Amino acid sequence: MIQIYIHFIFGYFKDHLSKIIFNILSISLGIALFVSTQINGWKAEKSLIDQTIGFNEKNFIGRYVYTGNLIQNRSNHSILKNLDDSLPNGIIVEPELHLKGYFKIEDNQIISIPVIGRDMITHFNFENRINTFQRIPKYILSKSLLHKLKTSTNTIQLSLCNKQLEINISEIEEISKDGIFAIMDLVRLQNFCNLTNSYTTIKLINLPYSKFDEKNFYPTNTFNDWTFESKKEIIERAGIALGSLKINLMIISLVSVLISFFMVSNIYTGLFLSRKIEFGILLSMGGTRLNNFLLFIVLSILMGFQGGGIGTYLGITISKLNLVKTVSTVTDSLQIESYQDFPNDILFIGITLSVFGSIISAIFNAIKAYNILPIELLRDKNESSVNSPINISNHSKWIILILLISSGMLIGNLKIEKQILPGLIGVALVILGFILLNFISIPYFIKGIRKLTNTLNLSPSFIIGLKEIELDSWKNGLIISTIMLSTSLVFTLSTLTMSYESSLKHWIDEENKSDFSLISEEKLSSGEPGVPIGLLHLLKTKNIFLEVEPFFINSKFILSGKYFTLHVLNLSNSFNKDQILVSKNLCFLEKICKGDIILINSEKKGQIRLEIQGEKEHFFSERGTILMDFELFKKLFSTEFLNSIRLTFYKNTKRDEAYEFVQLISKKYNLVYLDQNQLKKLYLEGMNQVFSVLDTLKISAILISVLSLVTSIFYFVKEKSKILAGLKAIGMSLTQLYSLLFYQILFLLCSGILSGILNSLILAPIVVFGINQNAFGWNLIFSFPVHFVAKLPILIPIFTAIITLIPFYFIYRMKISKELNYE
C-alpha cells in the first residue's frame, strides 16, 4: 500500500506539474502575505518597546520614570543610593538619560533617533563587548543607523539639545543589535546638554547569577516625581497601542489566505475529476474507501507543506525588503525597517495554517473519493456524482443564505467598544451566504440568459460554453466565489480608504481654517516639534496676521498607563480654557467623557486633576485625543518647539506682501509653509503610508483570482481535450474555439465581479460602521467607489480577451490525432 501511495502522489506530481505549481503558488501567495504582515506587526511592537526601554531588555525587570522638569528641577542624585539600598540583593540600578537626536541623510532628509546616555564604565555592558576593547568608545551606534547614514567622510553631525555635535568615525563602535539608536556616556551627554545630575529613567536590572524571582516583583517604595513601570506594564501598553493595528493585519492576512484556499479547493476539484477512475481501480484491487480518503488528505498535506514552506520564505523576504509596511502614529517606520530578527513562532503558525488550510480545501473532494464506487471504471464521467457534495434542497439553501446574510448584517453592525468580534462574525456570515448564493444561482443565471437569447441566432460557441459551465456547477461555483471574494475585498478596502480620505479632508477643513501652516523642514518627515516657540511671539507682533495659532502634538501622552495623543492649540472663547476636551472616539473607547475628572503628571505642577468640559469629533488618533488650550499647557509643561504655527491673514492684507514675509521667515528659521491643499496632501500621505498594506492585499487578491481563473480554464482544456479536438476535427474554426473559451471566462468573471460588488455593498458598511467604529471609535463619511464600477463594462471584456489568449494557445497547438487516439 505504501508503494501505491508513493506512485499515486509522486506520479501525480510528475504527470501534472503545471497543476502542482499553480496549487503551491496559490498557497504560497496567501501564506507569504500572512507571514510578512505578522512579522511586521511584531517588529512594530518590538520597536515601540525598545524605544521605551532603551534597546536593552536583557535582565530588565522595570524602571523608574522621572515626571518632573529636567531643566528646572534637576533629578535628585541621592535617589540612586536610596533606591539601591531599598532593593533586594541581586538587583542593580542603571540611571539613563533618553533624549532625541537628529541626523541628516541623503536628499537632506532628517531622521530622528533616540540618544541614550548610560554609565558605560560601571554598569553598561552591552553583550560583554566593551571589555574586549582597550578603551571605552565615546559613541556606540547601531549597525542599522550607520548603514542609513552611509557617510564617506571622517565625521558626522548629530543635532542634539539644539547644538551640533561633531562625531569622529574613529570614536564610534558599531553594534549589531536591531534598531536605529545611538549610545554615549551618561556624564558626557549630561554635560553636553547642560543637564548635570539629570536622568529620565532609572532601570532595574536583575543580575544573571541572582536567584531573585522577578515575576511578581513590584517595589513599594515611592519617590517624588518618579513613577515605577514594570516590564510587564510597558509591554502591555505597547500591545494596547498597537492592538488595533495588529488585529487589522491579522484580518487582512487571513482574508488573503481564505482567497488562496478557495483557489486551492478549485484545484483539488480538478484533481478529483482527473483521478476519479484511478480511485475506482484502487477499490477493485482490494483497497478500501478509507485508503482513498487518506490518499487525498496525504496529497493535500504534502502540497500544504510545500506551499507553506515557499510562502514562509517569500513572507520573510517581503518583510526584509519592507514591501509591506506597518505604520502607526506611535511607531517609527525607520526603526521598524531596521529589525531583521523575528520569533520562530510566526513561521510555525504560517506552515501550520498552510497545511490546515490545504486539508480543509481538500476535505470535500476527499469525502467524494471516499464515497466513490468501482463502477466509475465503466463511466467516462458521472456528472451527478461530482456536482455538489451538499445534498440539500434548493428551497432550504435559499432560506439558509437569507438567514446567513441577514444575521451577518445585524451582528456585524453591533456597537461594542474595542470589540471587533461581532464585525468579524458578521463578515464571515455574509461571505458564507454569498458563497452559497454563487453555487445555487448558476443554473438560474444560465436559464435566464437562455430565455433572453432564445430569439437571437447565437453562435454554437456561446451555447456550448454555457452548457459546460452548467455541467460543472460545483467547480465553477468555487471559481466564482474566488473572484467574488477578491472583488469584494478590493471594493470593501477601497471603500474604507476612501471613507478615511473623505473624513480626513472634511476634518482638516473644519479644524484648520488658517491660510498657512509653518512647519520645520528638517523634522517634517518625523512629525516632531521643530518650530521655535519664540517665533510665535514674534509673529504676534506683526499686524499682517489676523490669527497666529500654536499647534503642538504629543503622540505618546500617557494617561492611566495607556498611550493617547495630546493636541495643544488655542481653544475658542466659548470653552473654559482651564479645562480640556476629548475626542469622541476616546469617549467611546475608554469611557472618559464630558464631566469626568482625569489625573495627569505635569512637569511643573506634578500630578493634577483636570475636568473634561466636552467632546469633539476629532479625526486624528486611533487611540483617542486630548485637546488642551495652549495657555494651560504652558502652565503645566515646558517646550522649546511647536509642531507648527498656523497663520491667518487679514482680509485687506496685501497678499504679495504677506507671502514675501512668510517666505522670509521660513528661510530664516529653516521652515516650510503649507497652504490648505498642501496640508491635506501631507496628511493624506501619512494616511496612505498606514494603508499601504491594504494596497498590497488588493494586488494579492487580484493576482490570486487571475490565477484561479486561468487554472480553471487550463483544467477545462485538459479535461475536455477530446471534445475540443473533436470540435476542431469536424470543422470548428480557431475563432469559434477562442469564442468558446471567451464566453466561459466572461460568464465567470461577470458572475464573480457582480457577486463581489453586491457582497461589498453589504460588507463595506459592516467594516466602516461596525469593525472600524468599534476598533477606533470614528464616525467615517461613507464613500463607495462608484466611479470604478462604471468602468467595469469596458474593462471586463478587455480583461477577458487577454486572459483567454493563454489557454487558447494550447488549443492552437493541439494535435487532433493525438487527442483522439483512444489506444
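Remember, it's a predicted structure, so these values are computed and weren't measured experimentally.
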For the pair Ile234 and Lys231, evaluate side-chain contact (heavy atoms from CB on, under 4.5 Å) and give the outcome as yes or no after the intermediate values.
CA-CA 5 Å; Ile234 294 170; Lys231 180 178 179 179; 5.6 Å; no
Parallel, tilted or perpendicular: which describes the rings of Phe551 and His567, with under 30° parallel and over 60° perpendicular?
perpendicular
Give the C-alpha distance, both sets of side-chain angles, the deciding distance and a yes or no for side-chain contact (heavy atoms from CB on, under 4.5 Å) between Ile519 and Leu682.
CA-CA 11 Å; Ile519 300 176; Leu682 183 64; 4.1 Å; yes
Do Leu160 and Leu189 come close enough that some side-chain heavy atom pair is under 4.5 Å?
yes
Evaluate the side-chain proximity of Tyr64 to Ile79: yes if any heavy-atom separation is below 4.5 Å, no if none is.
no
Under 3.5 Å, side chain of Arg118 to main-chain N/O of Glu94, donor-acceptor pair present?
no
CZ of Arg188 to NZ of Lys138: how many Å apart, nearest 0.5 Å?
5.5 Å
Got a donor-acceptor contact below 3.5 angstrom from the Thr200 side chain to the His98 backbone?
yes
Could you tell me whether the side chain of Glu171 reaches within less than 4.5 Å of the side chain of Pro137, counting heavy atoms only?
no
Using modelled atom types and a 3.5 Å cut-off, is there a donor and acceptor pairing between side-chain atoms of Lys605 and backbone atoms of Lys635?
no
Taking Asn512 for its side chain and Ile508 for its backbone only, find out whether a donor-acceptor pair lies under 3.5 Å.
no
Side-chain donor/acceptor of Gln190 to backbone N/O of Ser198, under 3.5 Å:
yes
CD1-CG distance between Ile92 and Leu83, expressed to the nearest 0.5 angstrom:
11.5 Å
Under 3.5 Å, is there a donor-acceptor pair between the side chain of Gln38 and the main chain of Val35?
no
Provide the closest heavy-atom pair for Thr155 versus Ile169 in the form atom of the first, atom of the second, distance.
N-CG1, 4.1 Å
Minimal heavy-atom distance between Ala32 and Leu314, with the atoms involved, is CB-CB, 3.7 Å
If you round to the nearest 0.5 Å, how far is OG of Ser644 from CG of Leu674?
9.0 Å
Is any side-chain heavy atom of Asn344 less than 4.5 Å from a side-chain heavy atom of Leu347?
yes
Residues, nucleotides or ligands: over 12 heavy atoms within 6.0 Å of Tyr313 OH
no
Taking atom CG of Asp675 and atom CG of Asp515, what is their separation to the nearest 0.5 Å?
9.0 Å
Closest non-hydrogen atoms of Glu233 and Glu229, given as atom of the first, atom of the second and distance, are OE1-CA, 3.3 Å
Does the side chain of Ser338 reach to within under 4.5 Å of the side chain of Lys148, using non-hydrogen atoms?
no
Is any side-chain heavy atom of Leu518 less than 4.5 Å from a side-chain heavy atom of Tyr673?
yes
For the residue pair Phe637 and Ile600, establish whether any side-chain heavy-atom pair is separated by less than 4.5 Å.
yes
Determine, step by step, whether Tyr139 and Leu165 satisfy the side-chain contact (heavy atoms from CB on, under 4.5 Å) criterion, reporting the C-alpha distance in whole Å, the side-chain angles of both residues, the deciding distance to 0.1 Å, and the verdict.
CA-CA 11 Å; Tyr139 309 99; Leu165 177 61; 3.8 Å; yes
Nearest 0.5 angstrom please: Leu642 CG to Ile553 CD1, how far?
10.5 Å
Of all heavy-atom pairs between Gly530 and Leu671, which one has the smallest distance, and what is that distance?
O-CD2, 4.4 Å
Full working for side-chain contact (heavy atoms from CB on, under 4.5 Å) between Leu566 and Leu559
CA-CA 10 Å; Leu566 174 67; Leu559 176 65; over 6 Å; no
Give a yes or no answer on whether the side chain of Thr312 reaches the backbone of Gly308 with a donor-acceptor pair at less than 3.5 Å.
yes
Sidechain-backbone polar pair: Ser319 side chain, Ser36 backbone, donor-acceptor under 3.5 Å:
no
State whether the number of non-hydrogen atoms from other residues, nucleotides or ligands found under 6.0 Å of Lys667 atom NZ is greater than 12.
no
Rounded distance [0.5 Å steps], CG in Leu48 versus CD1 in Ile53:
10.0 Å
In short, Leu186 meets Gly117 closest at the heavy-atom pair CD1-O, 3.7 Å
Side-chain contact, heavy-atom cut-off 4.5 Å: Thr52 with Arg63?
yes
Are there more than 12 heavy atoms of other residues, nucleotides or ligands under 6.0 Å from atom NZ of Lys143?
no
Just checking Lys540: does its NZ atom have more than 12 heavy atoms from other residues, nucleotides or ligands closer to it than 6.0 angstrom?
yes
How are the rings of Phe552 and Phe633 set to each other: parallel, tilted or perpendicular (split at 30° and 60°)?
tilted
Smallest heavy-atom separation, Pro95 atom then Leu80 atom, equals CB-CD2, 3.9 Å
